[in-house]
Amino acid sequence: MAVITWNETLDLHQPRMDQTHREFVDLLCEVESALEGDTAALTATLAAFVDHTEAHFAQEDRWMTSCGFAPENCHTFQHSHVMQVLREVQRRLVEDADVATVRLLVPELAQWFPSHAQNMDAPLAETMMHCGFDPETGTLTQPPAPEAAPITGCGGSTCS
């Protein structure tokens with residue numbers, strides 16, 4: 001059974017974000033499957049996952065910047081932390097053939113992702129809608145007022 005599967009709770013009703021999230025889930029499952037093969041195949045599969053995740057997070061970080069988030073907001077910080085972990089796990093696999101660390105990473109990410117999607121990405125999707133942000137064009141119909149304080153939290157009602 002897959003470590004994570006796409007389900008309704010992950011759907012944020014923001015098509016571009018949801019597509020990227022589906023890809024994240026699929027690629028994480030591919031990493032899980034590759035754990036049963038040789039190290040070269042696992043290395044390539046993990047590299048594809050890391051590349052996708054880096055682009056995924058950069059995309060969301062650009063969206064947050066457009067919608068008035070501060071550069072040091074907690075959502076971006078979480079992206080940065082996860083990328084540090086992914087790069088270190090990737091380095092260990094490449095340099096030391098450390099499959100065990102990848103084996104630990106996969107279920108941890110599968111557990112982390114739904115919470116991140118609901119507590120960080122859902123408020124971002126809501127903020128994007130509120131600002132009239134079009135992720136396809138990068139345009140805003142209701143940009144933040146110049147005097148508005150930047151969003152330093154996740155953008156949700158329970159986080160400043």
Side-chain angles (χ1 to χ4, degrees), residues 2-7 9-32 34 42-94 98 101-140 143-144 148-160:
V3 68
I4 187 172
T5 56
W6 186 260
N7 62 68
T9 64
L10 296 174
D11 193 334
L12 302 178
H13 309 291
Q14 201 309 311
R16 180 99 177 261
M17 187 181 291
D18 288 336
Q19 179 59 39
T20 302
H21 286 175
R22 280 187 190 96
E23 293 165 359
F24 178 92
V25 167
D26 291 346
L27 288 166
L28 183 58
C29 289
E30 288 179 23
V31 173
E32 178 188 33
L42 177 59
T43 300
T45 304
L46 182 62
F49 176 74
V50 171
D51 290 348
H52 175 273
T53 303
E54 186 170 44
H56 163 187
F57 290 173
Q59 172 180 265
E60 288 182 7
D61 292 346
R62 285 189 305 273
W63 294 346
M64 285 185 274
T65 297
S66 295
C67 291
F69 282 70
E72 67 280 353
N73 73 79
C74 63
H75 191 162
T76 297
F77 174 78
Q78 197 170 95
H79 286 168
S80 177
H81 179 72
V82 170
M83 286 310 305
Q84 287 175 342
V85 170
L86 285 175
R87 287 185 192 108
E88 177 61 17
V89 169
Q90 185 178 32
R91 183 196 66 74
R92 288 179 182 197
L93 180 63
V94 169
D98 184 356
T101 302
V102 180
R103 200 172 296 282
L104 292 171
L105 173 74
V106 170
E108 292 297 324
L109 283 175
Q111 183 177 355
W112 165 81
F113 182 69
S115 176
H116 178 80
Q118 288 302 312
N119 296 310
M120 300 266 174
D121 292 332
L124 172 58
E126 183 180 316
T127 300
M128 289 166 62
M129 187 176 70
H130 177 74
C131 292
F133 181 74
D134 179 353
E136 299 302 326
T137 64
T139 59
L140 286 166
I151 301 167
T152 57
C154 64
S157 60
T158 60
C159 189
S160 60

Handout entry: Separation between CZ of Arg62 and CZ of Phe57, rounded to the nearest 0.5 Å
Key = 13.5 Å
Fill in the blank from the handout: Smallest heavy-atom separation, Gln90 atom then Leu46 atom, equals CA-CD2, 3.8 Å
Handout entry: Glu126 side chain to His130 side chain, donor-acceptor N/O pair below 3.5 angstrom
Key = no
Practice task
Could you pull out the closest heavy-atom pair between Asp18 and Trp6, with the gap in Å?
Solution key: O-CH2, 3.7 Å
Exercise for the section: Look at the side chain of Glu32 and the backbone N and O of Val3, then say whether any donor-acceptor pair between them is shorter than 3.5 Å. Expected result: yes
Handout entry: Interatomic distance, Glu60 atom CD to His21 atom NE2 [nearest 0.5 angstrom]
Key = 4.0 Å
Problem - Sub-4.5 Å side-chain heavy-atom contact between Ile4 and Cys29 - result: yes
Exercise for the section: Please tell me if the side chains of Pro114 and Asn7 come closer than 4.5 Å, counting only heavy atoms from C-beta onward. Expected result: no
Contacts under 3.5 angstrom, residues 102-112 side chains, donor-acceptor by atom type, not counting sequence neighbours:
unit_1 : atom_1 : unit_2 : atom_2 : d
Arg103 : NH2    : Leu35  : O      : 3.4
Trp112 : NE1    : Gln78  : OE1    : 3.1

Exercise for the section: Under the side chain to side chain donor-acceptor pair (under 3.5 Å) rule, collect the residues that match up with Arg22, sequence neighbours excluded. Expected result: none
Exercise for the section: Find the distance between CG (Leu124) and CG (Asn119) and round it off to the nearest 0.5 Å. Expected result: 13.0 Å
Exercise for the section: Indicate yes or no for a side-chain donor-acceptor contact from Asn73 to the backbone of Ala70 under 3.5 Å, with no hydrogens or angles considered. Expected result: yes
Practice task
Verify side-chain contact (heavy atoms from CB on, under 4.5 Å) between Met128 and Arg16, making sure each step is shown before the conclusion.
Solution key: CA-CA 12 Å; Met128 289 166 62; Arg16 180 99 177 261; over 6 Å; no
Exercise for the section: Fit a plane to each ring of His56 and Phe113, take the angle between them on a 0 to 90° scale, and name the class: parallel (under 30°), tilted (30 to 60°) or perpendicular (over 60°). Expected result: perpendicular
Problem - Gap separating the CG atom of Leu10 from the OG1 atom of Thr5, nearest 0.5 angstrom - result: 8.0 Å
Exercise for the section: Give a yes or no answer on whether the side chain of Ser80 reaches the backbone of Thr76 with a donor-acceptor pair at less than 3.5 Å. Expected result: no
Fill in the blank from the handout: Note: Phe133 and Ser66 closest approach over all heavy atoms is CE1-CB, 3.5 Å
Handout entry: Residue pair Glu23 / Gln19, side-chain donor-acceptor N/O under 3.5 Å
Key = yes
Handout entry: Verdict with reasoning, His52 to Thr20, per side-chain contact (heavy atoms from CB on, under 4.5 Å)
Key = CA-CA 9 Å; His52 175 273; Thr20 302; 4.0 Å; yes
Exercise for the section: Please determine, by modelled atom types, if Asp121 and His75 share a side-chain donor-acceptor pair under 3.5 angstrom. Expected result: yes
Problem - Side-chain donor-acceptor pair present, Thr139, Asp134, cut-off under 3.5 Å - result: no
Problem - Distance in Å, Trp63 CH2 paired with Thr127 OG1, rounded so as to fall on 0.5 Å steps - result: 13.0 Å
Completion exercise
Closest non-hydrogen atoms of Leu27 and Ala48, given as atom of the first, atom of the second and distance, are CD1-O, 4.3 Å
Practice task
With side-chain contact (heavy atoms from CB on, under 4.5 Å) as the test, would you mind laying out the steps for Leu12 and Gln118 before giving the verdict?
Solution key: CA-CA 8 Å; Leu12 302 178; Gln118 288 302 312; 3.7 Å; yes
Handout entry: Test item: Val94 and Thr43 side chains (from C-beta on) under 4.5 Å apart, heavy atoms
Key = yes
Completion exercise
The reported gap from CZ in Arg87 to CD in Glu54 (rounded to nearest 0.5 angstrom) is 4.5 Å
Handout entry: Closest heavy-atom pair and its distance - Gln14, Pro135
Key = NE2-CG, 3.1 Å
